[in-house]
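In what follows, chains are A, B, ... by sequence order, proteins preceding strands, each numbered from 1. Model, not experiment: these values are computed from the prediction. When reading the values below, keep in mind they use all heavy atoms of this one structure, side chains included, and skip hydrogens, waters and symmetry mates.
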4 protein chains.
Amino acid sequence: MKDTAVLLIDCPDRKGLVARVAGMLYEHGANILHADQHQDHDLGLFFMRVEWALKDAESKEGDAGNGSRFDLDGFKEAFAPLAAELDMRWRIESTHQKPRIALFCSQYLHCVADLLHRWQSRELYCDIPVIVSNHREVEKLAAYCGIAFEHVPVNAATRGETEERQTAILERHEVELVVLARYMQILSPAFVARYPAAIINVHHSFLPAFTGARPYHAAHARGVKLIGATSHYVTEVLDDGPIIEQDVARISHRDQVEDLVARGRDLERLVLSRAVRWHLDRRILCYGNKTVVFD
Amino acid sequence: MKDTAVLLIDCPDRKGLVARVAGMLYEHGANILHADQHQDHDLGLFFMRVEWALKDAESKEGDAGNGSRFDLDGFKEAFAPLAAELDMRWRIESTHQKPRIALFCSQYLHCVADLLHRWQSRELYCDIPVIVSNHREVEKLAAYCGIAFEHVPVNAATRGETEERQTAILERHEVELVVLARYMQILSPAFVARYPAAIINVHHSFLPAFTGARPYHAAHARGVKLIGATSHYVTEVLDDGPIIEQDVARISHRDQVEDLVARGRDLERLVLSRAVRWHLDRRILCYGNKTVVFD
Amino acid sequence: MKDTAVLLIDCPDRKGLVARVAGMLYEHGANILHADQHQDHDLGLFFMRVEWALKDAESKEGDAGNGSRFDLDGFKEAFAPLAAELDMRWRIESTHQKPRIALFCSQYLHCVADLLHRWQSRELYCDIPVIVSNHREVEKLAAYCGIAFEHVPVNAATRGETEERQTAILERHEVELVVLARYMQILSPAFVARYPAAIINVHHSFLPAFTGARPYHAAHARGVKLIGATSHYVTEVLDDGPIIEQDVARISHRDQVEDLVARGRDLERLVLSRAVRWHLDRRILCYGNKTVVFD
Amino acid sequence: MKDTAVLLIDCPDRKGLVARVAGMLYEHGANILHADQHQDHDLGLFFMRVEWALKDAESKEGDAGNGSRFDLDGFKEAFAPLAAELDMRWRIESTHQKPRIALFCSQYLHCVADLLHRWQSRELYCDIPVIVSNHREVEKLAAYCGIAFEHVPVNAATRGETEERQTAILERHEVELVVLARYMQILSPAFVARYPAAIINVHHSFLPAFTGARPYHAAHARGVKLIGATSHYVTEVLDDGPIIEQDVARISHRDQVEDLVARGRDLERLVLSRAVRWHLDRRILCYGNKTVVFD
């Protein structure tokens with residue numbers, strides 16, 4: 001079980017940032033496990049992720065009192081003025097707390113099934129209170145996993161109503177992250193705006209090639225020698241959000257569209273599951289239309 | 001030294017094609033080394049490549065006379081009526097004969113230097129009589145390799161003249177294949193039309209993403225997690241010809257445009273050299289806007 | 001639903017093999033869908049795989065009688081003397097018939113869960129009548145999939161008895177292929193001998209590196225920069241059978257053993273599922289200690 | 001042209017290391033460009049690499065005096081006591097200073113030619129004063145590049161003498177790094193001991209598989225589906241030093257040994273050139289028999 005804190009920072013670059021952040025963590029007795037930073041020299045931006053233990057390894061033998069546990073609230077209080085001075089956007093989270101995820105899917109279940117298996121085997125540290133679909137194929141699987149299933153049919157005429165139902169479901173389940181696991185419907189800008197950098201989609205092409213519908217057909221028609229898949233945060237513009245992960249597989253002239261679809265399923269599973277894991281590990285920072293994904 | 005013949009076939013699919021081609025080769029005593037075929041079931045097309053030894057391995061001990069050597073001319077004569085009956089586009093070539101290549105480049109030499117090294121070490125079985133460039137950076141390298149260098153400056157106003165000079169050079173050197181090894185100029189449709197499926201270009205992106213100029217800048221701006229390179233035959237439409245080979249490399253948020261450029265050079269070298277080698281090995285068939293690349 | 005036949009051949013190489021096989025197929029009216037051959041020039045061996053339609057596409061309109069369906073038994077009868085003359089090992093199978101598979105696993109379920117999902121979504125065309133394990137973790141999943149579960153505990157003292165039970169289970173379920181989906185027990189030579197080229201294992205390293213137990217620990221200790229996984233047919237010698245498929249993933253100094261284990265799970269899933277699919281597609285021929293895997 | 005300093009640290013892990021190092025750099029006014037650290041939690045070790053500008057970007061307008069330039073000597077002096085207190089192994093280098101490299105090769109030139117091209121195109125920032133070979137194939141290329149060539153024949157009987165000559169050459173040219181670019185001779189432990197973590201070799205297999213001679217033959221015999229190459233620092237034990245980089249390429253049953261050799265050349269070029277570049281960039285730290293390669 002994880003018992004660490006993660007600090008994520010995004011601010012204008014200037015001298016001494018690492019020194020001041022590391023110094024404050026040191027003063028509060030943090031036992032740093034991982035630290036990583038990145039500078040975008042063109043834009044003059046600085047990004048940092050630090051993870052430290054909340055239970056002090058050096059005081060294992062149960063010496064009672066506050067000494068043995070990092071005082072996270074105290075640190076936040078102390079950090080806020082520094083962050084303000086340095087124009088930081090920042091957040092500190094305890095990894096102990098499981099993020100709550102909703103899975104959206106349609107009739108293809110390979111991504112959902114893959115995420116659920118990873119969740120069951122504790123590769124993904126989160127709660128999955130609900131699965132939402134415009135089809136019923138996933139119902140039995142949801143039941144097997146002990147997850148609520150919500151069937152929300154979609155048709156163009158009633159999109160507004162549909163999204164109201166979806167929003168109500170997400171709120172009822174206190175969902176923090178929506179994962180579109182091959183959910184084949186388009187979300188409205190209003191819906192997307194409610195979940196900034198908190199909706200992850202997988203697109204079955206190597207973006208920005210082959211945006212839109214039927215990318216495997218387009219790839220086959222163009223005669224590419226590699227197919228790809230892309231996981232990204234959803235923004236207002238279709239298939240245009242910040243890319244989190246991409247991968248490709250080699251194909252040949254022998255592969256028909258159905259072969260691309262089959263090969264692609266493995267790519268989709270991998271790039272989506274990596275994106276979700278990295279999000280859960282608080283490793284991703286968005287800026288502009290891009291992501292920093294800390295190692 | 002190679003001493004084989006290659007037959008390439010492209011025709012409407014129908015029953016018995018393999019049997020009839022293989023049967024005729026057998027009748028003529030061919031010792032088949034490699035055979036591969038492909039069917040495009042959607043379009044009803046059949047493609048075949050057969051390579052066989054011209055010197056019969058079974059008659060090594062120098063028994064004089066025709067028996068010890070495959071009669072290529074006789075086979076061609078016999079094959080022509082069959083090919084006509086079956087609506088084949090076909091060609092038979094002796095691999096003994098070295099194709100003649102011209103390299104075109106601009107100021108970046110990594111692709112040219114790579115191809116030249118492969119040629120010198122006999123990885124590429126061809127003659128390279130001439131290198132053409134609108135810059136002079138390659139001149140010393142051409143001299144070192146003992147290859148004629150032609151400096152043909154380019155400017156928009158005199159494109160016609162330029163291409164006339166280039167065409168004259170190609171004709172004088174009896175060039176069969178033009179390799180654009182990071183040649184940063186656009187060729188006119190008229191020029192391209194003279195060399196159907198005989199101009200190979202390398203584009204520094206994973207086509208069809210990032211066509212046109214400065215693809216690494218575009219890739220950086222879009223925030224992709226993989227960069228690519230593509231080798232393809234040149235057609236009238238820029239960056240749109242049949243793709244021969246593609247490859248990608250993983251990048252991260254740490255990589256600036258200049259890092260992409262550096263990483264990309266290795267990709268460009270690889271995908272271009274593979275395309276040239278496969279072309280020289282007579283492994284590529286074009287159809288529609290796609291390629292069949294036999295193993 | 002598939003409705004084709006596959007012919008697999010393995011024999012001494014000689015002139016005319018393709019012509020004679022293709023000729024006989026043509027005479028019997030076969031509509032060839034895929035054909036591939038391979039020659040090992042060093043060993044003088046020839047390998048071939050041909051797949052053809054059993055229902056004739058050209059006689060769709062229901063013209064009754066034998067004409068509309070390939071006479072597979074008649075072809076086998078006609079082919080046998082040719083095969084004998086040419087010293088062939090051969091088999092002809094209808095892809096319509098689903099092979100019967102048993103899955104063996106221990107406490108890690110990622111490979112089993114992956115294979116089961118592929119089976120449920122019809123990516124794997126087979127029957128899976130039984131899952132055998134020395135642990136009980138898979139029991140609930142087997143029930144969900146409607147597959148018989150057999151708990152066969154293993155201990156060194158009673159290996160003979162254990163294998164008798166396992167053999168009885170396999171016979172009762174008429175199993176043709178055993179898939180060791182991270183089954184962490186060693187099978188006896190006697191057991192292996194009953195299933196020649198019909199037991200597929202996944203080893204969690206890039207064989208022949210890191211044979212034996214705890215390969216991720218060994219990889220970490222050696223400081224490799226890539227980890228791998230290997231699927232192979234099981235032979236008497238541990239981790240030494242013919243390799244079917246391998247793949248690798250990049251790691252770095254940051255990755256601890258548990259990270260390698262997590263990354264490796266994805267590799268294991270992929271290389272095992274590919275091996276099983278290729279086996280089911282009758283694409284694999286073994287010779288010596290190697291495999292030919294037709295495209 | 002680079003004008004930065006790099007600090008590399010390797011010490012027992014303890015709280016506050018980042019804070020103290022970053023704090024001292026801040027006090028001295030360092031403008032940090034890249035910083036990266038790594039902890040080996042099992043061994044309790046801490047590694048850090050910091051790169052900062054020597055010319056202050058904020059004082060471009062030529063304000064004379066020391067203010068505009070980082071005082072590297074002053075920093076070293078101040079840093080030494082801190083390093084001593086914290087048990088650090090450390091070094092600080094100016095990237096402005098080009099390391100001096102000797103290339104060793106035998107008759108195969110693909111790695112040498114590749115490194116030389118990268119050096120000429122300034123991808124590798126170093127001096128290459130001398131090429132040493134036991135063959136003469138590289139002589140013409142060395143002359144073309146304006147590099148001294150030393151022909152040092154090798155035979156078992158006179159190994160000691162040979163290495164004396166080689167050592168004298170290296171000393172005369174003040175060589176800091178020896179790159180074995182497919183140098184097919186074994187170096188004595190005495191020779192190796194003179195250049196700790198300063199001899200880079202490329203081995204043409206995916207180590208630890210296929211150590212020793214003729215790895216492509218061994219890979220072909222084993223029937224692997226991927227071949228690899230490995231660059232590593234040379235230690236006393238053959239093919240056993242700390243691995244810097246590895247890469248693989250997919251092969252198939254079609255590939256004969258000579259195909260593996262050809263495919264492998266590209267891998268060898270890539271993994272060797274990456275290792276040399278990372279070494280030149282002061283990105284590599286060795287510990288135990290492993291490397292940390294900072295991004």
Side-chain angles (χ1 to χ4, degrees), chain B residues 2 33-36 49 51 105 107-125 137-146 182 245 247 249-256 258-259 261-274 277-278 281 283 294-295, chain D residues 2 33-36 49 51 105 107-125 137-146 182 245 247 249-256 258-259 261-274 277-278 281 283 294-295:
Chain B
K2 284 195 165 191
L33 300 173
H34 301 285
D36 204 356
R49 181 187 185 275
E51 183 168 4
C105 67
Q107 70 271 50
Y108 302 120
L109 303 189
H110 54 285
C111 284
V112 165
D114 182 72
L115 292 171
L116 289 174
H117 174 75
R118 291 174 196 270
W119 169 71
Q120 287 183 313
S121 61
R122 299 182 192 187
E123 189 179 316
L124 296 179
Y125 188 76
E137 278 82 352
V138 80
E139 187 162 14
K140 199 183 148 205
L141 181 59
Y144 169 67
C145 294
R182 295 297 310 271
E245 171 65 340
D247 216 335
R250 188 161 287 278
I251 57 167
S252 83
H253 57 269
R254 288 177 216 286
D255 292 299
Q256 300 302 305
E258 60 266 27
D259 302 310
V261 170
R263 300 289 303 276
R265 279 194 293 257
D266 283 333
L267 291 175
E268 296 162 25
R269 273 184 265 240
L270 287 174
V271 302
L272 181 58
S273 67
R274 286 181 202 147
R277 191 169 65 249
W278 296 339
D281 287 348
R283 291 209 209 178
F294 288 110
D295 293 321
Chain D
K2 285 197 163 188
L33 301 173
H34 301 285
D36 204 356
R49 180 186 186 277
E51 183 168 3
C105 69
Q107 70 270 49
Y108 301 119
L109 303 188
H110 54 285
C111 284
V112 165
D114 182 72
L115 291 170
L116 290 173
H117 175 74
R118 291 175 196 269
W119 168 71
Q120 287 183 311
S121 62
R122 299 181 193 190
E123 189 180 315
L124 296 179
Y125 188 75
E137 276 83 351
V138 80
E139 187 162 16
K140 199 183 150 203
L141 181 60
Y144 169 67
C145 295
R182 293 299 309 272
E245 170 67 337
D247 216 335
R250 190 161 286 279
I251 57 166
S252 82
H253 58 269
R254 286 177 218 285
D255 293 299
Q256 300 302 306
E258 60 266 27
D259 302 310
V261 170
R263 300 290 302 278
R265 279 194 294 257
D266 284 333
L267 291 175
E268 296 162 26
R269 273 184 266 239
L270 287 173
V271 301
L272 181 58
S273 67
R274 286 181 201 146
R277 190 169 66 250
W278 296 340
D281 287 348
R283 293 209 208 177
F294 288 111
D295 293 320

Taking side chain as C-beta onward, heavy atoms only, is [X] less than 4.5 Å from [Y]?
| X | Y | result |
| --- | --- | --- |
| D/R254 | B/H34 | no |
| D/E123 | B/R265 | yes |
| B/R269 | D/H117 | yes |

Looking at D/D266 and B/R274, does any basic side-chain N land under 4.0 Å from a carboxylate oxygen?
->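 No, this pair does not count.
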OG (B/S121) and CG (D/L109) are apart, to the nearest 0.5 Å, by 8.5 Å
For B/H253, side chain to side chain contact (heavy atoms under 4.5 Å, CB included) partners two or more places apart =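 Residues passing side chain to side chain contact (heavy atoms under 4.5 Å, CB included) with B/H253: A/H38, A/V292.
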